K.L.:
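Dropping the structure in here first, questions after.
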Amino acid sequence: MLRLAVLVSGGGTNLQAIIDGIADHTITNAELAVVISNNRNAYALKRAEASGVEALCIAPKEYPDREAFHQALLQALNQRAIDLIVLAGYLVVIPALLIRRYQNRIINIHPSLIPSFCGTGYYGLKVHEGALARGVKLTGATVHFVDEGTDTGPILLQKAVEVKADDTPQSLQQRVMEEAEWKLLPQAIDLIANGRVRVEGHHAVIEPQTNERSRQMCQEETK
Ligand code: GRF
């Protein structure tokens, strides 16, 4: 059973997709051990509490310095025997010590088709503002493993979303979340939880589905 920690900063709609995915068995062999936010007021924490999941606030400004904050975050994860860290709208830079400790065990959802509209300064609505300013006809979302760069780790899943002529950054963000993010993140977690992903150098490889898993899925569908 893969133990998940989901790190959040805002509304938590991606977290909700994970909670719902575990409940409806879109995600199997995984349990949500803890939700951690840097923002005490993040609605995502309320979503966790409403689902009976431990919700922690570990905020940088509540520690004497960055190092103390990093140690507190690492300790919270180590104490809960976390297998996979999921960044779901987490706006704090992940420290190198955490990336080393959890190498290829941290994934992030980014609301564009990386390598477009990503990297420093591209987060939240700014991603969609960039896509609209460039006039792209397709955008989307990407789940990638986290390395020491910004949005530079091995890409695991991507899904394209059409840009409409009358889109605003807000309408585009909503469609990318609905049509891509909320589907890709549960799918990525299920793949990892069922041992179907390996990282080879800078590439993430998805193993074909085994017969046993296919059988299980058929059984679940006929329930
Ligand atoms: C989403 O747009 C996601 O792509 C980005 O941050 C936002 C988080 O939204 N990483 P939510 O907190 O999951 O609703």
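Computation of the quantities below employed the complete heavy-atom set of this structure, encompassing side-chain atoms and omitting hydrogens, waters and symmetry-equivalent molecules. Counting starts at 1 for both ligands and their atoms, in listed order. All of these numbers come straight from a predicted model, not from anything done at the bench.
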K.L.:
Side chains of N104 and R198: any donor to acceptor distance under 3.5 Å?
P.N.:
no
K.L.:
Which of the atoms of ligand 1 are close to P111, meaning less than 4.0 Å from one of its heavy atoms?
P.N.:
4 (O)
K.L.:
For the NZ atom on K159, are there more than 12 heavy atoms of other groups (residues, nucleotides or ligands in this structure) within a distance under 6.0 Å?
P.N.:
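Enclosed.
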K.L.:
Tell me: protein heavy atom nearest atom 12 (O) of ligand 1, and distance?
P.N.:
G12 N, 2.8 Å
K.L.:
Work out whether the distance between some heavy atom of A44 and some atom of ligand 1 is less than 4.0 Å.
P.N.:
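Contact absent.
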K.L.:
Would T142 and H144 count as having a side-chain donor-acceptor pair, cut-off 3.5 Å?
P.N.:
no
K.L.:
Answer yes or no for I109: is there a heavy-atom contact with ligand 1 below 4.0 Å?
P.N.:
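For ligand 1, residue contact (heavy atoms, under 4.0 Å) with I109 is present.
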K.L.:
What atoms in ligand 1 come closer than 4.0 Å to a heavy atom of Q173?
P.N.:
2 (O)
K.L.:
Cut-off 3.5 Å, side chains only: do Q174 and Q170 have a donor facing an acceptor?
P.N.:
no
K.L.:
Which option, T13, L87, L184, owns the non-hydrogen atom nearest atom 11 (P) of ligand 1?
P.N.:
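Among T13, L87, L184, the closest heavy atom to atom 11 (P) of ligand 1 belongs to T13.
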K.L.:
Mark up the atoms of ligand 1 that fall under 4.0 Å of a heavy atom belonging to G89, in ascending order.
P.N.:
6 (O), 8 (C), 10 (N)
K.L.:
Looking just at side-chain N and O atoms, do D83 and Y102 make a donor-acceptor pair shorter than 3.5 Å?
P.N.:
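Side chains of D83 and Y102: no pair found under 3.5 Å.
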K.L.:
Any luck finding a side-chain donor-acceptor pair between S37 and N39 under 3.5 Å?
P.N.:
no
K.L.:
Considering heavy atoms of the protein only, find what lies nearest to atom 9 (O) of ligand 1 and give residue, atom and distance to 0.1 Å.
P.N.:
N14 ND2, 3.9 Å
K.L.:
Before signing off on this row, confirm whether M177 and ligand 1 have an N or O atom pair separated by under 3.5 Å.
P.N.:
no
K.L.:
For the 3.5 Å polar cut-off, considering only N or O atoms, please tell me whether E181 and ligand 1 meet it.
P.N.:
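Yes: some nitrogen or oxygen of E181 is under 3.5 Å from one in ligand 1.
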K.L.:
Over 60° means perpendicular and under 30° means parallel, so classify the ring planes of Y63 and F69, tilted if in between.
P.N.:
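Aromatic pair F69/Y63 classed tilted.
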